[in-house]
Each structure stands twice: as structure tokens, then as C-alpha cells.
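We use all heavy atoms of the structure for the numbers below, so side chains are in, but hydrogens, waters and symmetry mates are not.
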Number of protein chains: 2
Amino acid sequence: MTVEKGATGGRSGRGASSRGPVSRRELAVARVLDPARERAETKVKAFLDAAHELLNGDSGEEFTVQEVIERSGQSLRSFYQHFDGKYELLLALFEDGVNTATRQLREAIAEASTPIDRLHRFAIDYFRLCQPPPRTRTQKRGFAPGFATFAQQLLTGHPQEASHAFVPLTELLTELLAAAEADGSIRPGLEHPRVAGVILQAVMFNAFAATIGGVPVQSNSGDPAEELWQLLIHGIQP
Amino acid sequence: MTVEKGATGGRSGRGASSRGPVSRRELAVARVLDPARERAETKVKAFLDAAHELLNGDSGEEFTVQEVIERSGQSLRSFYQHFDGKYELLLALFEDGVNTATRQLREAIAEASTPIDRLHRFAIDYFRLCQPPPRTRTQKRGFAPGFATFAQQLLTGHPQEASHAFVPLTELLTELLAAAEADGSIRPGLEHPRVAGVILQAVMFNAFAATIGGVPVQSNSGDPAEELWQLLIHGIQP
DNA sequence: CTGCGGGTGAGAATCACATTATCGTTTTCG
DNA sequence: CGAAAACGATAATGTGATTCTCACCCGCAG
């Protein structure tokens, strides 16, 4: 029962024991626990991978538990052994997505030199990540289309879990905002965490969905991400 | 089959025949059609009312088709006679909500005198409308909690229908933006429809959901609506 | 009057999914 | 080794939405 929650992501490397147990007693415990953990993580990974493939797979939309177990070669029994239900699977998937995205964004912003440039880079790349992959192979594993719905459900229905899942992203963005403020390139006195939330939300849903204001032939100036960014920094005033 | 789509709202008065048929033939047709139409609209209204009550009713969340027909005193058969399915019902409900909201917002902004004030008023009041009613009676019929999810599904899954449903709101806001631009109180050269979409989206989801960036004790400066508005006009730059 | 067709109510039937339960079998661990 | 846990396969249950069946009622053309 406790396994599922703890195993929601196998991300931080496989070496759960790598951070050195302190006593022989703990070592012994670890020796017996680790194989079990490893097995569990393998299975969990199988499920997550299968689900992930299904999400940006053919239909590009939702998936059933059946499909997941078929594609993963595991059994239904096993699935419910590891996850409290479909919801938990989605949550785990989502966490993974957020973590991956955060990592990629950290890389991306490393290329920029000034705080404001890093903010800019963050916004633009985050927008891209949130956009449904343009129908090519080897997609970079951003959020998939199905995630939009889930993210929304999470935000409206479980604010607790939602903000928790977003922590990596908000932390990163909050850092960037703080740096920019210290640098004098953004207005002081903003509540960075809150502003970070607003920005993330705005960018994400703008990328996910076609904007509410119709879907013209995107004829104009072009890059929607850039436009949104301009709006975010300058506001609508002159 | 065509009835449902056309009857999604009984708003524009009941007098469908008031615009005078031209020939006796048409009159005859109307004589037989009108009662039918009237009956249909009555029924549709019954369903919509029931659904609406359920939405901000006790549980405040989702509802089943069963519940709708029980509360409306109609039959399941009849339900599917008038609506293509639950989805259509939700859509109709949503359209109604948008229309009502638009009407209320028009009233609200009438109290402001300058274009920029009207924009401000719009943003603030729209935010309020989108917020789940604070547990009091006589709520003003904004969007209910369940709408958040639906709005999102609509936006991500059916951009077409979504932007159509939002038309009244985007039109209003676009007008306001244009007026403000003409007035010189906002930056020129913005694509108003698109900006309107962004604003609506940002405000709506910020009001609907707790913001991504945690839910602190909202201790700070206070009014979240006002804060968001400040962010929208000034951006994050100094 | 009379029977016919469309709209209707009541409810059973069907479908799609998620979630649980059952039952041998295998693996693991003390 | 023997009990406990995990597993696979598969059937069962439960909840909703959607569809189907049957009988009825009502206006009207013959």
C-alpha cells in the first residue's frame, strides 16, 4: 500500500541506496529491501512507459487501464498492486512530465546570460514544451495533449496535489524572478511565487488550448509564444 | 434532430412567429410548428434549469443524466430526444452562462466612465463571476465549479465550439480594448481579439483554480483579482 | 368514427470502463 | 522447508451514458 505513493516516479536514478546507509543494521534492511524496491520500480516504469506511449501515441488522446496493461505486458492485478488507481498513474505521469520539463528548461536557460534573458527563454521554451508535438517522431517529451485536461482537473479539483506537482517548475521560475528583481530588470515588490503561478498557468493553457479568441490563420506577427511573452512583461499599457 | 442545436437557449423571447410569415402556406406550417417549438423550448428549459440547480446545488459538483431527468420530471427518452447527449446539455448550459455573465458585465461597466476604468471593472467583475460562489444563497449565477472542468475540456478538445461559445465575452472585451486604444490608454498595435482571449483565459483559470503557486493564507496585499489586474496592465517590468 | 403516425413515458438492455474478487501458481524470505 | 506475499488470468461488480422496446395518447385525414 505504501509502495505506490512512494514509487510514483523512478526518476532520481535507480540508486535508492546510494546515499549510504549509516549503520550495519540499516545496511541489512537495505539489502533485503532494495531488490524488492528494484522490482517495484521496474514494474512501475513499465506502466509509466506504456501510459506515456499511449498518451502521445496514435489517437493522441485518452487511454484505458486495459490498454496500459496490454502494452506493458503486465497484469491488471499487478497494476492495482502498484497504483491506487488510474488517477495515481496520471499523477505520477504528470510529476514525471514536470520534472523532465524542469530539467530541460534548466538546460535551456543556461544558455542565456542575463536574468531577464533567462526569464524570456523560460517563457518561450515552456510554451513550446506545452504545445502538442507537431506530429513528428522523436518528440521531446513535453506535456502531451491529454495532460491539459488532467492538469486542469488537478488544479481545480485538488489544489493541494496540483501545487505540489508543480513545485519544481514554480521553484525554478521563482528563482528566476528573484534574480531578475535583484538585477533591477523587473518591478520590485511582486510576490514571486504567486506571479510564477500566474505565468505558468497563462503560458500553459495558452499553449495547450487554442486561445479563446478564435483561431485565425495565425497570420499576424507570428510566434504566439513571443507575443504572449511581450504581453507578460509589458502589460497592455503604453 | 435539428431542434436541439437551435434550442440551446430559450433566451430570445418566445415569439418565434412574431416576425410575420408571408403566405398562408407558411402560416399553416407555422400553426403546426409553433406549438411544437414551444413545447420543445419548455422541455429544454426544464432540463437546463434542473441541470443548473444541480450544478450549484448541494454537492456543488458534477451531475448524472439520471439526476437531471429526476429533478426535471422529464423522461430519459425525452432527454435524448432534445439533446444529442450530456455533452450538448453542458454546452447549452455553458452558453447560457456566458450570455448571463456578459449581460451582467455590461451592466457593471456602465458604471465606469473612462475606457480604462471599464476595462478594469470588466476584469475585476469577471474574476468574481468565475469564482465559486462563497457559500451563500442567492448567488448571482456566474460559472459554477463544475464549469471549470468543462470549460477546459471545451478549450482543449473542441477549440471550434469553445471559441464560439465565448463569442459574447470576447466581443465585449474586444470592444473595450478598442475603445481604450483609441483613447490612448493602452498600447496600440495589439491584436485585440487575441489579447482578449488571453485575458479571459488568464482571469478565468486564475479565479477557478487556486493558483499554481501554492495557496498561502492570502495574507498579503489582499484582493487577488486586483493583483492579477495590476499584472495584466503593467506587466512585470518596472 | 377509426385507424395511423409521431411524440412520449417507463423501464429494460447494452456498452464502456474502472475497480474488485477469485483461484491456482510462483517467488521470496525467515 | 513452509508461510506469506506477489503474480497472471479471468470473471464479477458497479456506475454512468446511451440505446432499445413496448405501450400509450392525441390530432387528424379518410
Side-chain angles (χ1 to χ4, degrees), chain A residues 1-4 6-7 25 27-47 50-51 54-55 59 61-93 146 149-150 153 157, chain B residues 1-4 6-7 28-47 50-51 54-55 59 61-93 146 149-150 153 157:
Chain A
M1 291 121 175
T2 52
V3 182
E4 311 88 297
R25 213 167 70 98
L27 219 170
V29 173
R31 187 152 38 218
V32 62
L33 245 42
D34 274 7
R37 184 191 315 271
E38 204 167 306
R39 233 179 316 134
E41 284 185 355
T42 302
K43 294 222 157 198
V44 166
K45 187 168 179 325
F47 287 127
L54 285 169
L55 260 185
S59 50
E61 283 294 313
E62 322 215 307
F63 59 85
T64 83
V65 174
Q66 274 305 322
E67 290 171 326
V68 171
I69 67 170
E70 276 162 21
R71 180 175 286 243
S72 67
Q74 307 294 109
S75 78
L76 192 67
R77 185 75 166 60
S78 197
F79 176 83
Y80 284 100
Q81 195 89 30
H82 292 284
F83 294 93
D84 258 9
K86 191 182 184 180
Y87 180 83
E88 295 257 349
L89 174 67
L90 286 169
L91 201 54
L93 224 46
T149 304
F150 184 65
Q153 285 178 0
Chain B
M1 290 117 177
T2 51
V3 184
E4 312 87 296
V29 173
R31 187 153 37 219
V32 61
L33 244 43
D34 275 7
R37 184 192 313 272
E38 204 168 307
R39 237 179 312 137
E41 284 185 355
T42 302
K43 295 220 157 197
V44 165
K45 187 168 179 326
F47 288 128
L54 285 168
L55 259 185
S59 51
E61 283 293 315
E62 323 213 308
F63 60 86
T64 83
V65 173
Q66 274 304 322
E67 291 170 325
V68 170
I69 66 170
E70 277 162 19
R71 179 174 287 242
S72 66
Q74 308 293 110
S75 79
L76 192 67
R77 185 74 165 61
S78 195
F79 177 83
Y80 284 100
Q81 195 89 30
H82 292 285
F83 293 93
D84 257 9
K86 190 182 184 179
Y87 180 81
E88 295 257 350
L89 174 66
L90 286 169
L91 201 54
L93 225 45
T149 304
F150 184 65
Q153 285 179 359

Can you tell me the distance, in whole Å, between the [atom1] atom of [X] and the [atom2] atom of [N]?
{"X": "His82(B)", "N": "dG9(C)", "atom1": "NE2", "atom2": "C1'", "value": "12 Å"}
{"X": "Ile69(B)", "N": "dG9(C)", "atom1": "CD1", "atom2": "P", "value": "10 Å"}
{"X": "Gln74(B)", "N": "dA10(C)", "atom1": "CD", "atom2": "P", "value": "10 Å"}
{"X": "Gln81(A)", "N": "dT28(C)", "atom1": "CD", "atom2": "C1'", "value": "14 Å"}

Below 4.5 Å, heavy atoms only, C-beta onward: do Glu88(A) and Tyr80(A) meet side chain to side chain?
-> no

Roughly how far, to the nearest 0.5 Å, is the CG atom of Leu89(B) from the CZ atom of Phe63(B)?
-> 5.0 Å

Hits for side-chain contact (heavy atoms from CB on, under 4.5 Å) against Glu70(A), two or more places apart or cross-chain, chain-then-number order -> Gln66(A)

Which heavy-atom pair separates Arg71(A) from Ala50(A) by the least distance, and what is that distance?
-> CD-O, 3.8 Å

Enumerate all atom pairs, one protein N or O and one N or O from nucleotides 16-23 of chain C, separated by less than 3.5 Å.
unit_1  : atom_1 : unit_2   : atom_2 : d
dA18(C) : OP1    : Lys86(A) : NZ     : 2.5
dA18(C) : OP2    : Val65(A) : N      : 2.9
dT19(C) : OP2    : Tyr80(A) : OH     : 3.1
dT19(C) : OP2    : Lys86(A) : N      : 3.0

Would you say a side-chain N or O of Ser75(B) is under 4.0 Å from OP1 or OP2 of dG11(C)?
-> no

Answer yes or no: does a side-chain N or O of Lys43(A) lie under 4.0 Å from OP1 or OP2 of dA6(D)?
-> no

ring-ring contact (aromatic ring centres under 6.0 Å, His included) against Phe79(A), all qualifying residues, sequence neighbours excluded = Phe47(A), Phe83(A)

Determine whether more than 12 heavy atoms belonging to other residues, nucleotides or ligands lie under 6.0 Å from atom NZ of Lys45(A).
-> no

